[in-house]
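Presented below is the structure to which this report refers.
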There are 2 protein chains.
Amino acid sequence: MTVSRVLNDRGGASAETSQRIILAASELNYRPNPFARGLRSDRSKAIGLLVPDITNPFFPEVIRGAEDAASAAGYNLLLSNVVENSKREEELIETLLRHRVDGIIVCSPRLPDAALHKALAPHRAVVLINREAPNEVAGTIVTDYETGASRAIDHLVERGRRRIAIIAGPRSSFGGKSRLVGFRKTLAAHGLKAQGIVYCDPTAAGGQTAAAQLLAEAPGIDALVCYNDLNAIGAMKVCRAAGISIPGQIALIGFDDIPTAELLSPALTTLRVQKREMGEEAVRLLLSRIATRNRQHGIVIVPELIIRETT
Amino acid sequence: MTVSRVLNDRGGASAETSQRIILAASELNYRPNPFARGLRSDRSKAIGLLVPDITNPFFPEVIRGAEDAASAAGYNLLLSNVVENSKREEELIETLLRHRVDGIIVCSPRLPDAALHKALAPHRAVVLINREAPNEVAGTIVTDYETGASRAIDHLVERGRRRIAIIAGPRSSFGGKSRLVGFRKTLAAHGLKAQGIVYCDPTAAGGQTAAAQLLAEAPGIDALVCYNDLNAIGAMKVCRAAGISIPGQIALIGFDDIPTAELLSPALTTLRVQKREMGEEAVRLLLSRIATRNRQHGIVIVPELIIRETT
DNA sequence: ATGAAAGCGCTAACAA
DNA sequence: TTGTTAGCGCTTTCAT
């Protein structure tokens, strides 16, 4: 007990004993056993982080932020990669439960509400990124994609574009739905409507497929708004291959501001989301929900329009 | 005990008892407690994976591979991000030790040999990616960067380039050193020598700085070989800004084949490394070193020249 | 085929 | 200020 007290800074030991204990611990290379601690305390000092696809450059930034905040608070991060598969999402939420994490953060969940809430219920604390949920289910960090989408359309219209088509990303994405609402509302406000809407994977390859389809089905479009930057990059490649100049004939706008966005040429206009902050805030919110049974709930992040060369 | 036996498929229980146990377990939503298991067995069924920078698109692919192989074997992956800081690398190796992982995989370690070996010693099993080490210290998965570098130079020379400069990446990178050896040898074999060598961070920003410096100090170069694709992307941006045509005036070649390499325009010629396989093999090797005290040691991967538009 | 005892390393509760 | 007891949930060993 005295050893335990000393090594945990709980005081109640003479200065001399403390010295001896600390010295011995260091000589023996003592490391407290986290299993014994976990067994005793039923807490793991670990939190789970689920991302849809670590290969999408959006998420490593979020992870970095989460990692920093977690390790600053003495927590470890267990990273799990869903690979854009909602079945696997469900399994991984369960796997993290088996690992006795103290709480989980789920990035852009694709599961429908009922299944998601059911899977999350047994967890002690949950934060959702880019998905709404009632406070009993989870805290939330959401991007205001609707406002972002609105800004995208305003910007294009201001640049004189009128025949705008939409690459809408995955059907199961809730953020995608918000974007669509914003696109439609704002187009309508300008007396316009979308020249075409195509769903696709949130990847460059998905963007290529979608763009090819739109170019074929909706000739004469003069702008493409995309679900994310990867989609935009794919679209860009298709346009270039078809000899369509950007932004001359078609303007292009993405979402996220992934690192490559500004390295492209033409550099991509996009709606920047603060990814690092998102990860940090998610961890902070989760820890606060773990610590106190408090009702802190949601944070909203509004994306910022970054005007580059594609518009 | 009977419960334990049944739930672990160890047999030795009547069919009826097994039934009852399995039923009860599922009704009670029973999940074995990994802390108790870990405490008892002194094994965590977790392996640590250290990467220099998760934000570099090279590593998410490696992580994906490692994740697949690990979860297929019933192991969990604890991911740690070094942020290109060798001090932190040392700390994280220690942190993983405290977490009682069964073994660790270290990607592109930047620590000098002595410090690295010392930090690794207390671990039960280790695999190094892109770094040599004696078998007692670790198993290794290495890329034959020297051969890769050689192919890069041969290709440039074949394309008629003679005034070749090198963006060499971080000084502390061991893979960078092998590349330099290959570059120099092969240049010499063609009766040439490097028109300039500049070290830099392994990022697009690093590539920009390095390229700017080379353009200023070594005018008239007609090709740039880069430590990695990110460096090449940075160099590309600088050339474009300076009105230098690629590959017209300067040819450009990278290493890694990150996903954006082929999405750039002009698309980047590069030496492809099988990243997924690397992660998978690393896990397999580690598990084999954990399981048997066997002497399986090294795997060498030779990068493949992918010719695109920058050369 | 089933179960009792014991101990992995830790710490809360309670002596001394 | 220091120490004893007990128990977290599991599995190895040894009965029954």
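Scope of the values below: all heavy atoms of this structure, side chains included, with no hydrogens, waters or symmetry mates. Lettering of chains follows the sequences in order, A, B, ..., and the numbering in each one begins at 1.
You'll find that the side chain of B:A36 is closest to D:dC10, out of D:dT2, D:dC10, D:dT11. Minimum atom distance to the side chain of A:M1 is reached by D:dG3, of the listed D:dG3, C:dC10, C:dG7. When distances run from any side-chain atom of B:R37 to the nucleotides D:dG9, C:dA12, D:dC10, the shortest one goes to D:dC10.
Rounded to a whole Å, the CG atom of A:L39 is 4 Å from the C1' atom of D:dC8. The distance between atom NE2 of B:H99 and atom C1' of C:dG9, rounded to the nearest whole Å, is 16 Å. The distance from atom CZ of B:F35 to atom P of C:dT11 is 13 Å, rounded to the nearest whole Å. The CZ atom of B:R98 sits 18 Å away from the P atom of C:dG9 (whole-angstrom rounding). Atom pair B:R40:CZ and C:dC8:P shows a separation of 9 Å (rounding to whole Å applied). The nearest whole Å value for the distance from the CG atom in A:L7 to the P atom in D:dT2 is 14 Å. Between the P atom of C:dC10 and the NZ atom of A:K45 lies a distance of 16 Å, rounded to the nearest Å.
Salt bridge status for A:D53 with B:R64: present, with a side-chain N to carboxylate O gap under 4.0 Å. Salt bridge status for A:R31 with B:E94: present, with a side-chain N to carboxylate O gap under 4.0 Å. Contact check on A:E90 versus A:K87 returns no salt bridge, with no Lys/Arg side-chain nitrogen under 4.0 Å from an Asp/Glu carboxylate oxygen.
Sequence order on DNA chain C of the closest nucleotides to A:N33 and B:T17 puts B:T17 first from the 5' end. Sequence order on DNA chain C of the closest nucleotides to B:S14 and A:R31 puts B:S14 first from the 5' end.
Closest approach of B:H117 to B:P134, counting heavy atoms only: CE1-CD, 3.9 Å.
A:R10 comes within 4.0 angstrom of sugar-phosphate atoms only, judged by non-hydrogen atoms across all strands, and of no base. In this structure, B:N8 reaches the sugar-phosphate backbone alone: every heavy-atom distance under 4.0 Å involves primed, P, OP1 or OP2 atoms, never a base.
Between the side chain of A:R5 and the base of D:dG3 there is at least one donor-acceptor pair of N/O atoms closer than 3.5 Å.
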